[in-house]
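Every number for a ligand or one of its atoms is a count from 1 in the order of the listing.
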Amino acid sequence: MRRIAILGSTGSIGRNALSVVDAHRERLSVVALAAGENADLLAAQIAKYRPAVVSMATGAAADRLRQAASGVRIASGRDGLVEVATAPDADIVLCASSGTEALEAVLAAIEQKKTIALANKEVLVMAGGIVMDAARRHGVPVLPVDSEHNAIHQCLHGRGQHEIRRLILTASGGPFRGRSASELESVTADQALNHPTWRMGRKITIDSATLMNKGLEVIEAHWLFGVAADQIDVVVHPQSVVHSMVELTDGSVIAQLGVTDMRLPIQYAFSYPERWSAALPSLDLVGAGRLDFHTPDTQAFPCLALAYRALQAERSLPVVLNAANEVAVARFLDGRLAFPAIAQVIEQTMAAHKPAEVNTLAAVRAVDAWAREQAQASAREVELKV
Ligand SMILES: NC(=O)c1ccc[n+]([C@@H]2O[C@H](COP(=O)([O-])OP(=O)(O)OC[C@H]3O[C@@H](n4cnc5c(N)ncnc54)[C@H](OP(=O)(O)O)[C@@H]3O)[C@@H](O)[C@H]2O)c1
C-alpha cells in the first residue's frame with residue numbers, strides 16, 4: 001500500500017490524482033490533503049478519504065472547513081502545507097498546488113525522505129538548485145508528473161545524463177497557435193482559457209497561451225534531468241499525441257505517446273517503477289491522422305525566449321521570471337492587462353533586476369518578493385499606456 005499526501009487536492013491535478021486513487025484502492029490510500037480556498041470540496045474529500053490531517057491556504061478558509069468537517073486535524077497557511085507534506089504516514093507527496101507556496105513543504109518532505117511526485121513546475125523554476133540538491137543529499141526521488149517531463153522520464157528509463165544528446169519538449173501551441181503578434185493584441189482572457197487539447201487550472205492555461213508554460217518546462221527539464229539550456233529544444237505539436245522525446249547520443253530518438261489525460265502521468269508517478277493497468281482509452285493513431293511539428297514563433301510569443309534567457313543567465317533570473325509572470329497573468333485574468341503586456345511586464349522586471357546568487361531559501365524568497373513588487377509597478381505603467 002502506497003500512502004499519498006496531496007498538496008492542491010481540489011485542483012485539476014489533485015482531482016485527477018484522487019480518481020487514480022479510486023481506481024487503485026487496493027494499492028493507494030490518502031493520508032493528508034491540502035487545498036487553497038475551496039472548503040466545500042475539501043470537506044467532501046475528507047468524508048470520502050478520511051485523511052489524518054488537512055490544511056487550507058488561510059486561517060479564514062480553515063475556519064470555514066471546520067464548520068463542514070470533523071474528525072480530522074485542520075491546519076492552515078505555509079506551516080499547514082508543511083504539516084501535510086510531512087504527515088508521518090505519507091510515503092509519496094504529490095505537489096499539485098498552484099504558485100510557489102509549497103516550496104518549504106516540498107523541502108520538508110524531502111528531509112523526511114518522502115518520494116516527491118512533482119506536478120508544480122513553479123517550485124523548480126524558483127528553487128531548482130536547492131530542491132534537487134536536497135533530494136540528492138537525502139536520496140529522495142523527484143518523479144515528474146508534468147506530462148512532458150513524465151514522458152522524458154519514461155523515455156530515459158534509467159539512462160544516464162551522459163547518453164542524452166538533447167531533450168525535445170512538445171508544445172500544443174495553445175489556443176492562439178498561428179496568430180501574429182498584431183492579432184494577439186485584442187485577445188481576451190476567455191479566449192485564452194479555451195485550450196484546444198488540455199483541461200487545466202486557469203494560471204497554467206494562460207501560460208500555455210503565452211508559451212510561458214513551455215518556457216517554465218524548459219527550466220524544469222534542466223533541473224530534473226541535469227541538461228543545459230542548449231540541449232533542450234521545443235517543437236510545436238498541435239495534436240498533443242507525442243508528449244515529448246529524447247535524442248540519445250547515437251542519434252536514436254525515443255518518444256512517449258498517449259492520450260491527453262493527466263491520470264496517466266500521475267499514475268505512473270504513483271506506481272513507479274512498476275506499471276499498473278489503467279482504464280484509459282487506447283491511443284487512436286489512425287484517428288489522429290497526422291502528426292505535425294513546427295518551430296515555435298518567438299516573435300509572437302516572446303515568453304518562451306525570455307525563459308531561455310533566464311535559464312542561460314541562471315542565478316536569480318528564473319526566480320524573477322516566475323514571479324513577474326504570476327503577477328502579469330493574474331492581472332490579465334482580472335482584465336487589467338492586455339495579452340502582449342504579459343511578456344512586456346516580465347521583460348521589464350527582468351531588465352530591472354541585478355542577478356545575484358540564490359543559494360538559500362531566504363535569498364530566493366527575497367528575490368521573489370522584490371520581483372513581485374517590481375512587476376506590479378511595471379504592470380501599472382504598462383496599463384496606463386494602453
Ligand atoms: N492541470 C494540468 O494538467 C497540469 C499539468 C502539468 C502541470 N501542472 C501544474 O500543476 C500545478 C497545479 O495545476 P492545476 O491545473 O491543477 O491548478 P488548479 O486547478 O488551479 O489547482 C490549484 C490547486 O492548488 C490549490 N492551492 C492554491 N493556493 C494554495 C495554497 N496557498 N495552499 C494550498 N493549496 C493551494 C488550489 O486550491 P483551491 O482550489 O481550493 O483554492 C487547488 O487545489 C501547477 O503548478 C501547474 O503548472 C498542471
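Inclusion of G8 in the set of residues having an N or O under 3.5 Å from an N or O of ligand 1 is warranted. On a distance-only criterion, G201 and ligand 1 share at least one N/O pair closer than 3.5 Å. Between A57 and ligand 1, a contact under 3.5 Å exists for no N or O pair. In terms of N/O distances under 3.5 Å, ligand 1 is approached by E122. Residue contacts with ligand 1: R202 is placed with no nitrogen or oxygen under 3.5 Å of a nitrogen or oxygen of the ligand (distance criterion only). Close N/O approach between E37 and ligand 1 is found [any backbone or side-chain N/O within under 3.5 Å]. Considering both main-chain and side-chain atoms, N38 comes within under 3.5 Å of ligand 1 through a nitrogen or oxygen pair. Between G11 and ligand 1, an N or O atom pair is found at a separation short of 3.5 Å.
Counting heavy-atom neighbours within 6.0 Å of E373 CD, excluding the residue itself, gives a total of 12 or less. No more than 12 heavy-atom neighbours from other residues, nucleotides or ligands sit within 6.0 angstrom of CZ on R290. Heavy atoms from other residues, nucleotides or ligands lying under 6.0 Å from CZ of R159 number 12 at most.
Side-chain contact check for L118 versus V145: every heavy-atom pair is 4.5 Å or farther apart.
Under the 3.5 Å distance criterion, the side-chain polar atoms of D146 are left unmatched by any main-chain donor or acceptor of A119.
Ring centroids of Y272 and H153 are separated by less than 6.0 Å, placing the two rings close together.
When each atom of ligand 1 is checked for a heavy atom of T10 under 4.0 Å away, the hits are 36 (C), 37 (O), 38 (P), 39 (O), 40 (O), 42 (C), 43 (O). Near A119, meaning under 4.0 Å from any of its heavy atoms, are these atoms of ligand 1: 7 (C), 8 (N), 9 (C), 10 (O). Ligand 1 places these atoms under 4.0 Å from at least one heavy atom of M262: 3 (O), 5 (C). Taking every non-hydrogen atom of N120 and a distance limit under 4.0 Å, the qualifying atoms of ligand 1 come out as 10 (O), 45 (O). Those atoms of ligand 1 with a heavy atom of I13 less than 4.0 angstrom away are 1 (N), 2 (C), 3 (O), 4 (C), 5 (C), 10 (O), 16 (O), 48 (C).
The closest approach between any non-hydrogen atom of G99 and ligand 1 is not below 4.0 Å.
A salt bridge is absent between D250 and R165: the closest approach of a Lys/Arg side-chain nitrogen to an acidic carboxylate oxygen does not fall below 4.0 angstrom.
At a 4.0 Å heavy-atom cut-off, ligand 1 does not touch K203 at all.
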